[in-house]
Amino acid sequence: MNVLATLRRLTGMNLARNTVELAVKRRMEATGATEHKAYADGLDEAELRELVELVVVPESWLFRDPQAFAAAVAFVRQRLAEGSRLVRILSVPCAGGEEPYSMAMALFDAGVKPQAFMIDAVDISAACIMRAEAGVFGRNAFRGRELSFRDRYFTWSGDDELYRINDALRARIRFGQGSILEGELGTARQYDVIFCRNLLIYFDEPTTAAAIARLSEYLARDGMILAGYAEVPSFVRHGFSPLPHRQAFALRKDIKRSGAPARAALPAGTPLPSGAGLAHPAAIAPERATASAAPALASLPARGSRPAPVAPHPPRANRANASATSRPVAAGDESLLAHARKLADAGKLLEADAACREFLAQQPESAEAYFILGLLAESAGKPADAEAHLKRCLYLQPEHYEALCHLALLQEQGGNSRAAATLKARAARAFQRQQPQ
């Protein structure tokens with residue numbers, strides 16, 4: 001049996017050869033096997049499960065990336081306000097239960113009644129599911145400065161800093177072993193919210209496409225999916241659009257799209273989505289192959305689509321229209337650049353372009369002005385101009401994260417996958433350096 005190929009097929013992960021060889025070595029030592037070929041040829045289902053446990057990466061912690069939970073809670077509350085009686089949530093992979101328990105705690109803190117939501121949590125690892133069902137967590141699960149939730153929802157076991165989660169929370173979560181690639185994902189036909197974070201980074205492109213297709217099948221038509229920050233570009237390529245929740249990496253299905261994503265000129269007067277990259281987009285993200293991987297490519301609408309509404313917040317277009325036309329702006333200061341952003345958000349792309357150029361006449365070395373010009377050109381369906389502006393931005397500010405992401409997407413759409421990969425790697429490094437230590 002080809003152990004590497006078998007484990008890749010079972011897990012869907014693009015496993016490195018040395019990772020599998022190390023796992024095989026450990027299992028051979030555990031079983032007393034001495035011949036590699038004999039061990040491989042004799043692999044049965046039980047032994048394959050043991051190997052899977054050694055190659056999966058279950059590392060996580062409670063309230064990892066808290067912005068994702070805040071966005072999901074806001075979405076759930078909006079759902080309930082619109083009349084939903086039960087909101088269904090899926091976490092896959094759920095590791096040791098850190099993610100689904102965090103979501104349950106966030107909903108409890110927001111005053112959502114327990115009977116108003118149900119969470120299904122799935123992982124390929126049987127050991128992870130056993131740990132999640134036990135609901136006992138050690139010191140590594142509690143990271144960050146804000147740990148008041150531990151006092152509210154956990155009971156100290158008195159043994160080596162172990163804490164057990166309350167039964168009321170455990171009752172809202174159903175754990176089950178399974179794969180994202182085959183079999184049933186949870187117990188519901190469709191989910192309002194799906195967490196699938198930091199899994200696709202381990203997949204090759206065909207497996208990524210298959211996984212996203214499965215997630216799309218299980219996500220409600222107007223549901224929300226939360227991705228890892230390196231994975232948003234993959235979702236964008238396969239029929240999803242980013243939602244402008246800063247640092248949440250949230251997306252929804254782009255119903256009007258089919259096939260590969262495309263960009264085109266926006267109709268005159270169409271506003272860009274709130275925060276669509278002009279004031280640090282909600283999601284802009286390069287891919288990288290690490291367990292906690294980068295934020296979202298281009299919040300700009302796809303061909304034929306309208307800008308995604310920002311639920312539960314009201315749209316900003318009307319406010320932007322009012323402010324973009326009512327306040328005089330002095331040339332040569334930062335207010336002119338802010339004015340350009342407001343014009344862009346109001347859908348006044350030509351006026352925004354003119355404001356940026358006026359600002360550049362006074363401040364010719366402004367990376368941010370070139371970045372905005374790049375987004376405007378991208379919105380107008382002028383990829384060559386967009387690329388030139390974004391490159392100028394990066395010349396002036398080499399670690400401009402959003403510019404790296406947008407330029408990576410342009411290269412990818414132009415068929416230059418090698419340049420796109422390089423830009424994504426740069427963006428990932430820039431993003432990591434910008435995070436608080």
Side-chain angles (χ1 to χ4, degrees), residues 60-95 97-123 132 144 146 149 152-153 165 169 172-175 180 185-186 188 190-200 212 215-216 218-232 235 240-253 273-275 281-283 285 292 295-296 299 308-313:
S60 191
W61 58 91
L62 295 159
F63 284 104
R64 179 180 183 180
D65 302 322
Q67 298 92 336
F69 300 105
V73 166
F75 186 84
V76 170
R77 295 181 70 176
Q78 180 78 5
R79 265 292 206 259
L80 295 172
E82 292 170 351
S84 294
R85 300 183 63 182
L86 178 67
V87 178
R88 294 175 173 85
I89 302 166
L90 174 66
S91 171
V92 55
C94 68
E98 294 88 350
E99 184 173 81
Y101 283 133
S102 297
M103 186 62 201
M105 286 186 280
L107 289 169
F108 272 45
D109 282 344
V112 177
K113 296 180 179 179
Q115 62 270 26
F117 71 91
M118 176 55 72
I119 302 175
D120 282 339
V122 177
D123 200 281
E146 175 52 55
F149 66 87
R152 293 194 297 274
Y153 299 110
I165 201 158
L169 277 162
R172 305 314 301 164
I173 304 173
R174 297 174 293 200
F175 291 99
I180 194 174
L185 272 182
Q190 288 199 316
Y191 292 90
D192 302 284
V193 179
I194 294 179
F195 285 84
C196 184
R197 304 189 297 166
N198 305 317
L199 174 66
L200 304 186
I212 292 176
L215 292 168
S216 181
Y218 277 87
L219 183 66
R221 186 177 186 274
D222 56 347
M224 170 191 280
I225 193 163
L226 287 306
Y229 69 79
E231 300 163 330
V232 177
F235 280 98
F240 283 78
S241 296
L243 291 169
H245 296 283
R246 180 168 169 75
Q247 300 296 303
F249 320 121
L251 306 99
R252 70 174 186 176
K253 286 194 278 191
S274 295
S292 62
S299 304
V310 188
H313 305 293

(request) Please say which of Phe249, Phe69, Phe75 ends up in a ring pair (Phe, Tyr, Trp, His ring centres under 6.0 Å) with Phe195. (result) Phe69

Please confirm whether the backbone N or O of [Y] pairs with a side-chain atom of [X], one donor and one acceptor, at under 3.5 Å?
| X | Y | answer |
| --- | --- | --- |
| Gln67 | His245 | no |
| Asp192 | Arg88 | yes |
| Tyr101 | Ala132 | yes |

Looking at side-chain heavy atoms only, is the closest gap between [X] and [Y] below 4.5 Å?
| X | Y | answer |
| --- | --- | --- |
| Asp65 | Leu226 | no |
| Val193 | Met103 | no |
| Val87 | Gln78 | no |
| Ser102 | Arg64 | no |

Closest heavy-atom pair and its distance - [X], [Y]:
| X | Y | result |
| --- | --- | --- |
| Glu99 | Ser91 | OE1-OG, 2.6 Å |
| Leu169 | Ala104 | CD2-CB, 3.2 Å |
| Cys94 | Asp123 | N-OD2, 3.3 Å |
| Phe175 | Pro100 | CE2-CG, 3.9 Å |
| Leu62 | Met105 | CD2-CE, 4.0 Å |
| Ala106 | Val73 | CB-CG2, 3.6 Å |

(request) Sort out for me which residue in Ile194, Ile180, Asp120, Val92 forms a side chain to side chain contact (heavy atoms under 4.5 Å, CB included) with Tyr218. (result) Ile194

(message) Using a 6.0 Å cut-off, check whether atom CZ of Arg77 has over 12 heavy atoms from anything other than its own residue.
(response) no

For residues 107-119, which side-chain N or O atoms pair as donor and acceptor with protein atoms under 3.5 Å away, sequence neighbours left out?
residue : atom : partner : partner atom : Å
Asp109  : OD1  : Arg152  : NE           : 3.2
Asp109  : OD1  : Tyr153  : OH           : 2.5
Asp109  : OD2  : Arg152  : NH2          : 2.9

Using 0.5 Å steps for rounding, measure from the [atom1] atom of [X] to the [atom2] atom of [Y].
| X | Y | atom1 | atom2 | value |
| --- | --- | --- | --- | --- |
| Ile225 | Lys253 | CD1 | NZ | 9.5 Å |
| Leu185 | Leu219 | CG | CG | 11.5 Å |
| Leu251 | Ile212 | CG | CD1 | 9.0 Å |
| Arg174 | Leu90 | CZ | CG | 10.5 Å |

